[in-house]
Amino acid sequence: MDRIIMHIDVNSAYLSWEAAYRKQHGYSTDLREIPSVVGGDEESRHGIVLAKSGPAKKYGIKTGETLFSARQKCSRLVVVPPNYYLYMQCHNALLEILHEFSPQVQVFSIDEAFIDYTGMQRIYGDPVSAAHILKERIKNELGFTVNIGIAKNKLLAKMAGDLKKPDMVHAVLSEEEMKEKIWPLPVKKLYGVGHATAPKLNRLNIFTIGQLAQADTELLRFHLKSWGVLIQKYANGIEDSVVSSDMRPPVKGIGNSCTSPFDIYSKEEALKVLLSLCEMVGMRLRQSGFCAKLVSVTLRGTDLKRFSHQCKTFMATDNTMKIYQIAGRLMGEMWSGKPLRGMGIRVSDLVPCDFLQISIFEGYNEKKKKLDDTIDRLRMKYGINSVFRSCFLGSGLPPVSGGVIEGYQMMTNIL
Amino acid sequence: MKVTVLKQDLLDAINIVQKAVMPKSTTPILEGIYMEANENLKLIGNSFELGIQYTVDAQIEQTGSVVLNARIFGEIVKRLPDAPVSIEVIENNKVRIECINSFFEIFGIDGENYPLLPEDDNDLQLTLPQATLKDLIRQTIFSVGSDENRKIMTGALMQAENSEIKMVTLDGFRMAVCRAVIKDNVEFKVIIPGKNMNEILRILDTSDNPVKISLSGNTVSFVLENCRIVSNVLDGEFMNYKSYIPSQFETVIEINTRDFTESLERASLISSDVKRYPVRLQIEEDTLTIHSVTDIGVSKETLRIENKGSDLIIGFNPKYLIDALKSISDETVKISFSSSIGPCIITAIDNEDYLYLILPVRLANTR
């Protein structure tokens, strides 16, 4: 029996959420109807576009460009600051509604999820009308719109959901529908075909998904190895991974970086910024239920040049101080002393915490784990600055940085 | 050079020396097998890290030497009929190989330039039966490290003192120490690359024929009747392994080796290679419960044990326990646990011939 999978994607998530929030709080203008963007704080040198409204898109404003250049494209652009706490609330509220429609909900990112609707027809009727009910409920109860794609697997559901936005339901259930709706799309729209693969396919005279689906498998294998065979399967709508509710989004590594509001000259300051990043990374790592074996540090100079070093640890860890010690050593190895504009830290090579092999050399310190966990709980309950290391006292530096906007509560999720 | 040798003898020799030949080298001569006809036929493979010399009985018609590409030579000999093979070097190092109706002429390289194995200066040496050495290696080699960044752990420590020889390997999460009695009263300490040890393990047989181990400079050689293996040694100081062995234990149990191994193997059946799962051992008085929970399912079984300590719950990577237990031939073993997050050791009941130290896995529910 074919499964019925739905992909739910919030339309311009950050901006919609902010707009919905403002509307509920009595603002008269809807951000979605005017050229507007969610952008970072320019004063602390975080001035880029994080999300944009439909009208802003018409001006050619792109996610990731600087606010300065966005304003040049549209002088009356409205810029609102990001609000991660609000995003988490919206995310959770969305999940709650999704859970009513199926017990199998897989979070894919902060604004995307899959549900397995198979066997739910008796309660909510046929999938297309159920999707409409779901979409309307989200719009009425939460105040933002979503796109829903319905198909027999996650791949097609996601592609269907991306067809036309916003506020739409697209079903690609039969073979004919797939050929009609998916095959004419350019090949780079296919999951797994990025800016590296697309030109290679174009050189083979493959421009649409349909052409890829019908291409000679051996030709693809010759040029793209097993990857070619896989994406051809995708192009034919063949994919059978399960919607698994305990599956967290596929995490390969966790990283945070920050651009410092001022240039960093001294080692002492640099180490503090590094520590504040480690706090964030450590916390997210523990939340995710993983321990990491690889730590890498990236420094960015005032000339915007980046350099990075990494180090593999013997035993996987999720301890903030241990990550910091390694990161500090890595920074010492590569920093020439030139002023720094920003730095980042990333941990990867993750192993699940429930299989933490203890090493002969290091042993395992239960107390450190408990300390980290307790600090995490305090911070989540009472705010990020409720507990901080005394070295930050009077330093003018935030004790935790990266991914958090000061003054807001913690994101209690690895997303 | 002109010799006649039995196909099977020649093939055996090639198979052994080939292990020491570099599969890829910028110098073609190093991808070759050196052959020298003198009183008998001598074959050498040498990659500098490992060198193997093997002699076979042959009918020597003309002495001399030549180097032939190991892969091609090996493939040819492997497929020859089972009969005497004649090998003759004609002009310009061209080698003629003949066997019944088969005929090959392949290009060889002048043997003069081949790096021969260093001679022993016989400073430090000891002799023991091949079977004993084979056991020592077999019982320790599995816990040799594989991380090239921690070079010293990719080697096995071989230490002779007080008329005994010890082999020690450790990969950071487990350790194996085995010993055997020797007649010679010598003292030496050497770290031999694990992968060379694996090759030596394959060459040794289970007989009581002697193997002489001698240390000279930065090489160690293993001399058998018709074979000499020279391995490089790793520079550096081996970890002070004795310091990792705890002296105090919370729980000490005695358990049937085979029953325990089989239970663990059953418990690992529902683990996968993609995601590893620990086994949970629960010791309650004189029973041991082996429990594993994975995304495939659950397994559980109990064994009778003799417990001389307190109750304990501890998690392990089952592979580490199985590897150690499988190398033990005693019917019963003693397992001593220091704590639920500290090392445990597996030893014999009444002697100190072997010791396996294994670090546990932290169990999520004991957090």
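Computation of the quantities below employed the complete heavy-atom set of this structure, encompassing side-chain atoms and omitting hydrogens, waters and symmetry-equivalent molecules. Here is the naming used below: chain letters follow the sequence lines, and residue numbers restart at 1 for every chain.
The part of B:Tyr277 that comes within reach of chain A is its backbone (N, CA, C, O), which places non-hydrogen atoms under 4.5 angstrom from that chain. Residue B:Asp171 touches chain A through its backbone alone, counting heavy-atom pairs closer than 4.5 Å. With a 4.5 angstrom heavy-atom cutoff, B:Pro343 does not touch chain A via any of its atoms. Only the side chain of B:Arg150 comes within less than 4.5 Å of a heavy atom in chain A; its backbone stays farther off. With a threshold of 4.5 angstrom between heavy atoms, B:Ile358 does not approach chain A through any atom at all.
The closest side-chain heavy-atom distance from A:Phe314 to B:Met153 is below 4.5 Å. Side-chain contact between B:Arg362 and A:Gln357 is absent, with no heavy atoms from C-beta onward closer than 4.5 Å.
Note that the OG atom of B:Ser339 and the OH atom of A:Tyr364 stand 12.0 Å from one another [nearest 0.5 Å].
Around the CD atom of B:Glu161, the shell of radius 6.0 Å holds more than 12 heavy atoms that belong to other residues, nucleotides or ligands. The number of heavy-atom neighbours closer than 6.0 Å to CG of B:Asn351, taken from other residues, nucleotides and ligands shown, is above 12. Remark: A:Glu96 CD is loosely packed, at most 12 non-hydrogen atoms of other residues, nucleotides or ligands lying under 6.0 Å away. No more than 12 heavy atoms of other residues, nucleotides or ligands sit less than 6.0 Å from atom CZ of A:Phe222. At most 12 heavy atoms of other shown residues, nucleotides or ligands fall within 6.0 angstrom of atom CD in B:Glu285.
Aromatic ring pairs are classed by plane angle as parallel below 30°, tilted from 30° to 60° and perpendicular above 60°; the pair A:Phe361 and B:Tyr244 is perpendicular.
With chain A as the partner, the residue from B:Asp147, B:Asn149, B:Leu170, B:Asn317 showing the most heavy-atom pairs under 4.5 Å is B:Asn317.
Of all heavy-atom pairs spanning B:Ile341 and A:Ile358, the tightest one is O-CD1, 3.5 Å.
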